[in-house]
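Labels below follow one simple rule: chain letters A, B, ... track the order of the sequence lines, proteins then strands, and each chain is numbered from 1.
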Number of protein chains: 2
Amino acid sequence: MNCDTVPTTDPNNDGALPPEVRALLGVYALHTRVRVAIEDLSQNDGLTDQARHLLVQLDKPRRLGDLARITNSLPSSVTALADLLESKGLAQRHRDERDRRAFLLSLTPYGIDLRSKMLQQASELFQTVTGLNDAQTRTFAELSDIVRKTIYDTTFQETSKC
Amino acid sequence: MNCDTVPTTDPNNDGALPPEVRALLGVYALHTRVRVAIEDLSQNDGLTDQARHLLVQLDKPRRLGDLARITNSLPSSVTALADLLESKGLAQRHRDERDRRAFLLSLTPYGIDLRSKMLQQASELFQTVTGLNDAQTRTFAELSDIVRKTIYDTTFQETSKC
DNA sequence: TCATTTACTTCGTTAAATGAAATATTCAAT
DNA sequence: ATTGAATATTTCATTTAACGAAGTAAATGA
């Protein structure tokens, strides 16, 4: 095989793509790679990728319906994921006393511990996976904060009755 | 309901997260939202989300195995997705003459057209979804280019025999 | 009070991912 | 050249996850 031909093709066969598309291509690539990396590190926790996604979102007790919106899944899917997290002793359902139809899902101490370990691992992976240096990572984080806040707000404002 | 309590909670209950984690949280959120938005716009194309992901990766003819690595799916899954794209007249398999075990998947004119329409739509969504202004978007794109290039290289270097 | 909407659960169905086995080709070593 | 091992893809049976309709309970609003 001729190894000097097409061994590592450059990612820009797309010509001058608009910045929005370039941004999204990187986001998709990074999402894919980080998911793989976390899966590789979490083979013995008995969780699925979706369950881990839910775990990460539980920075505080959240309603199952909100988790469904955040993760873009159906209520019935979140029910199953919450069951899984509960069965592993990572989270617990509590009635929401403001609205007793709803459940709040909150992490147990064990869940909090696993969540921070996962975030720590993701943090350690980041530089290797992305190739960004510290300054670039900080810039990326600042922009990412804006994106996250925008998405967070729009995710909940649509349904808000206030 | 008391609407001044907890209607739109701020996304930073996580305290001072490391920049790597903040970066990833935004990436996950953006990935989720863009996927939803594209799905909403593509209800009549008969494609799945995975098939669209493959379509976007086909900036040039690519081997099925490479597509499997890029999208982190199994060869057998890519076979099915390639079948779907072919059945819709969007792509075609060709033997790779450098290695006749492999297939190259390339877009048809119709596939090229649909792909650019999808990228165009994604581009238009970007500002609304992310809340980033033009300058921020350009900065994001530049960092995203680095990330994409790093991931692209590592995805193929691991298996490279050169 | 009563009808309607909302939040969640249950469970049967559908769709997608998985992985083992088969085929064809290449590569490496004799 | 021949042989054996490795690689690229496909097929298909199985497992797994997503979907969605129907049900329960609580809140909302007339």
Do the side-chain N or O atoms of [X] get closer than 4.0 angstrom to the phosphate oxygens (OP1, OP2) of [N]?
X       : N      : result
B/Arg63 : D/dA8  : yes
B/Arg93 : D/dT10 : yes
B/Arg95 : C/dA24 : no

Mutual orientation of the aromatic rings belonging to B/Phe140 and B/Phe126 [parallel < 30°, tilted 30-60°, perpendicular > 60°]: perpendicular
Whether B/His53 and A/Tyr28 hold their rings parallel, tilted or perpendicular, with breakpoints at 30° and 60°: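 Because their plane-to-plane angle is over 60°, the rings of B/His53 and A/Tyr28 count as perpendicular.
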For [X] and [N], what is the distance between atoms [atom1] and [atom2] respectively, to the nearest whole Å?
X        : N      : atom1 : atom2 : result
A/Leu81  : D/dC19 : CG    : C1'   : 14 Å
B/Leu74  : D/dT11 : CG    : P     : 16 Å
B/Asp83  : C/dA15 : CG    : C1'   : 16 Å
A/Ile70  : C/dA7  : CD1   : P     : 14 Å
B/Leu64  : D/dT7  : CG    : P     : 17 Å
A/Leu67  : C/dA7  : CG    : C1'   : 13 Å
A/Leu84  : D/dT16 : CG    : C1'   : 13 Å
A/Phe103 : D/dA25 : CZ    : P     : 12 Å

Pairwise 5' ranking along DNA chain C for B/Arg101 and A/Arg101, keeping only the more 5' one: A/Arg101
Identity of whatever pairs with D/dT28 - Watson-Crick or G-U, under 3.5 angstrom: C/dA3
Side chain of B/Asp99 - closest among D/dT10, C/dA16, C/dT25: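 Within the option list, the nearest is C/dT25.
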From C/dA7, D/dT9, C/dT18, nucleotide with atom closest to A/Ala102 side chain: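 Of the options given, the side chain of A/Ala102 lies nearest C/dA7.
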B/Arg63 charged N/C atom sitting above B/Phe103 aromatic ring, 6.0 Å / 45°: no
B/Phe156 six-ring centre to B/Arg69 NZ/CZ under 6.0 Å and within 45° of normal: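 No, a cation-pi geometry is absent between B/Arg69 and B/Phe156.
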Least distance between heavy atoms, B/Arg35 atom then A/Asn72 atom: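 Scanning both residues completely, I find the closest heavy atoms to be NH1-ND2, 4.0 Å.
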Touch class at under 4.0 angstrom, heavy-atom based, for B/Ser73 against every strand present: nothing
5′-ward residue of the pair A/Ser76/A/Asp96 relative to DNA chain D: A/Ser76
